[in-house]
Amino acid sequence: MRKKLLLTALFLGIAFDILFWKKAPGISFFIFIALCLAAGYLLLQAQHIYSARKNLFLLVPIIFFSVMTFTRSDPFTSFLNYTLTLFSAAVLVMTYRSGLWILYGLSDYVANTFHLIGSMLSLGWAQITHTGSQQKINNGRKYINNIWPVVRGLLLAIPILLVFTVLFSSADLIFAQRIDDFLVYLNPEKLAEIIFRGSYILVIAYFLIGIIGHAEGRSQNKKLIGLDKPTVAPFLGFTEASIILGSVLLLFSAFVIIQFQYFFSGQANIIIEGFTYSEYARRGFGELVSVAVFSLMLLRSLSTITKRESNKQKKNFSGLVVGLVFLVIIILASSYQRLFLYESAYGFSQLRTYSHVFMIWLGILLIAVVAIEIFKRQRAFANIALLVLMGFTVSLNTLNVDSFIVRQNINRAVKGKELDASYLSTLTSDAVPTLVKAYSSSNLPSKIKDGVGAAIVCYEASNETDDSQAQSWQSFHLSDWNAARELEAVQESLENYRIQDDDWPIVVISPNGTEYPCHNFLFFD
């Protein structure tokens, strides 16, 4: 088994090099994850070590998010896809035999993550140096003794080979050319690259040995942290906690009353105070989301450290939590509406779209906090928060953020708002099919179509890729492939656009003479 483990880990290290060395990320990540899962399962099942059935559920996020890494291109969604794939795979390893992740609290996740890191650093060396018996030690010494004559023979043969190589090179020009080609391949730069690549292949193989070793020998731990005794014993009195929650409730209530008077009641009340609707909406949604996040942290902290010695105290504390969450959800609704008005006035962007979706899932998490408080299932918070994060990421993948931004901004423009073609050109390949569809539409007003065409030309001018990477199968990305296919279909109709790139930023001049800068470098949100 040990020999198979070492060879498999080395194979995976070489696979990593083939998939990622000087290659743009693409389908390679999914392939590598699939190889690691298959290799790990086959090695462990060969020893009759089987995964807990509950871990089958973990394969769903691993497969889904790893597939989405080469399906979606927008940066934040991609980051979440990579992160959740790796985290789900780590949880699978940590609980391979026990399947206890479903009962994990936050402390369990933290502690077992550090245990896994420790296994990656230590178990690889244990597997490599393990001999097991005196017989194996003697065999090892015998093997080393047999190696030394080979080493001495090679050292004696090298100078002799050099002499004959020089003579053959002088005698035959073709042979000399082949030797020169070989020496060029072994130039210092190439040699340094070979050493570096070989080194990280061994490092990756070493870590993978530790990961598989952890699943084999350390994933059956059934002890849960804080199950019998709380990790942090409650120390804050009920009276102090009630004062904190009660005072926050009063402040939030006052804010919510103002929201109903000046915001939920409509535009007239805001104008009376001297603000336009867009000016009022422009500020505050970020701060209100922060209020909701800090409120969640406050509730979780107080729930952990507050003493509740009687049923009456428990009910009163739960009532305060329910009241505060209710107000926070109203505040989130205010923030959501502010952001919607801001988008209506200034357009949709990636950050604003992320924020919109995040607010919905934050509201769901707050409702879940109420449920676990009422049913006294505080340990479930970590898994619920993880499910909410996964739901948030699934929503972004399903929504296709950049495509959504294009549709919404074009709809705004049709209704008379300004179209920011420069910003649209900075979006990822996810936006291209929607841009092309809009440009090809016969119902789009000519002015808007002019801007959409400029955005497409700007995108092409700003996203020229290295041909070697673009043609690499490891770098295949479904979004990029689809964008290239769509762009090819409209190339002929875009020939009347001119690119002026004498200075930065690049400027696209449309057929009617309008200039569009290709980089909206003053855009921050």
Side-chain angles (χ1 to χ4, degrees), residues 102-110 224-260 263-264 284-338 355 357-392:
I102 199 167
L103 299 176
Y104 268 16
L106 182 60
S107 299
D108 296 292
Y109 278 114
V110 173
L224 296 172
I225 300 173
L227 187 62
D228 300 323
K229 182 180 179 181
T231 307
V232 178
F235 59 86
L236 185 67
F238 175 76
T239 302
E240 293 89 336
S242 298
I243 292 173
I244 294 172
L245 286 176
S247 59
V248 172
L249 270 170
L250 289 175
L251 176 62
F252 282 23
S253 298
F255 183 82
V256 166
I257 290 171
I258 294 173
Q259 296 305 288
F260 275 105
F263 194 68
F264 291 126
F285 64 82
E287 289 84 348
L288 294 183
V289 172
S290 299
V291 166
V293 172
F294 287 135
S295 299
L296 177 62
M297 295 170 61
L298 175 66
L299 290 173
R300 289 301 305 150
S301 300
L302 289 177
S303 179
T304 301
I305 66 175
T306 300
K307 297 177 182 178
R308 285 159 280 178
E309 298 173 348
S310 66
N311 287 332
K312 183 179 180 180
Q313 288 182 347
K314 292 177 182 177
K315 290 180 180 178
N316 289 339
F317 185 87
S318 297
L320 290 170
V321 169
V322 171
L324 184 57
V325 168
F326 176 73
L327 292 176
V328 171
I329 289 176
I330 293 176
I331 291 171
L332 267 180
S334 171
S335 178
Y336 189 91
Q337 191 172 357
R338 285 172 185 260
S355 300
V357 179
F358 174 73
M359 279 186 249
I360 296 172
W361 284 99
L362 181 57
I364 294 173
L365 181 57
L366 285 165
I367 295 172
V369 166
V370 171
I372 64 177
E373 176 61 35
I374 293 174
F375 294 105
K376 311 302 177 188
R377 301 295 297 271
Q378 279 77 9
R379 286 187 61 84
F381 176 76
N383 277 329
I384 289 174
L386 180 59
L387 283 174
V388 166
L389 177 60
M390 288 184 175
F392 171 59

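Heavy atoms only: backbone and side chains are in, while hydrogens, waters and symmetry mates are out.
E373 has its side chain out of reach of L320: every pair of non-hydrogen atoms, C-beta onward, lies at least 4.5 Å apart. Side-chain contact between V370 and F326: absent, with no pair of heavy atoms (C-beta onward) separated by less than 4.5 Å. Side-chain contact between W361 and L387 is absent, with no heavy atoms from C-beta onward closer than 4.5 Å. Looking at heavy atoms from C-beta onward, D108 lies in side-chain contact with R379 at the 4.5 angstrom threshold. Under the 4.5 Å side-chain criterion, counting only non-hydrogen atoms from C-beta, L302 is in contact with F317. Here the side chains of S295 and F252 are in contact, with some heavy-atom distance below 4.5 Å. Counting heavy atoms from C-beta on, the side chains of K314 and E309 never come closer than 4.5 Å. Using a 4.5 Å cut-off on side-chain heavy atoms (C-beta onward), V291 and V328 make no contact.
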Next on the checklist: Using the rule given for side-chain contact (heavy atoms from CB on, under 4.5 Å), can you reason through L245 versus L299, listing the C-alpha separation, both sets of side-chain angles and the distance that settles it, and then say yes or no?
Outcome noted: CA-CA 9 Å; L245 286 176; L299 290 173; 4.0 Å; yes
Item to check | Residues R300, I372; criterion side-chain contact (heavy atoms from CB on, under 4.5 Å); working and verdict | outcome: CA-CA 11 Å; R300 289 301 305 150; I372 64 177; 3.9 Å; yes
Next on the checklist: Working note: I225 + V110, criterion side-chain contact (heavy atoms from CB on, under 4.5 Å); need CA distance, chi angles, decisive distance, verdict.
Outcome noted: CA-CA 10 Å; I225 300 173; V110 173; over 6 Å; no
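With rounding to the nearest 0.5 angstrom, the CG atom of L106 is 10.5 Å from the CG atom of N383. One distance of note links CG of L327 with CG of L332; it measures 11.5 Å at 0.5 Å rounding. Separating the OG atom in S301 from the CG atom in L296 is a distance of 9.0 Å, to the nearest 0.5 Å. Distance CG/N316 to CZ/F238: 4.5 Å, rounded to 0.5 Å. Residue L365 holds its CG atom at 10.0 Å from CG of L389, rounded to the nearest 0.5 Å. The CG atom of L324 sits 9.0 Å away from the OG atom of S253 when rounded to the nearest 0.5 Å.
Checking T304 against Q378 by side-chain atom types alone, no donor-acceptor pair falls below 3.5 Å.
For the pair R308 (side chain) and S303 (backbone), a donor-acceptor distance under 3.5 Å is present.
The 12-atom threshold is exceeded at NZ of K376, counting heavy atoms of other residues, nucleotides or ligands nearer than 6.0 Å.
F358 and F392 have perpendicular rings, their planes meeting at more than 60° on a 0 to 90° scale where under 30° would count as parallel.
Closest of all the heavy-atom pairs between A382 and G105 is CB-C, 3.7 Å.
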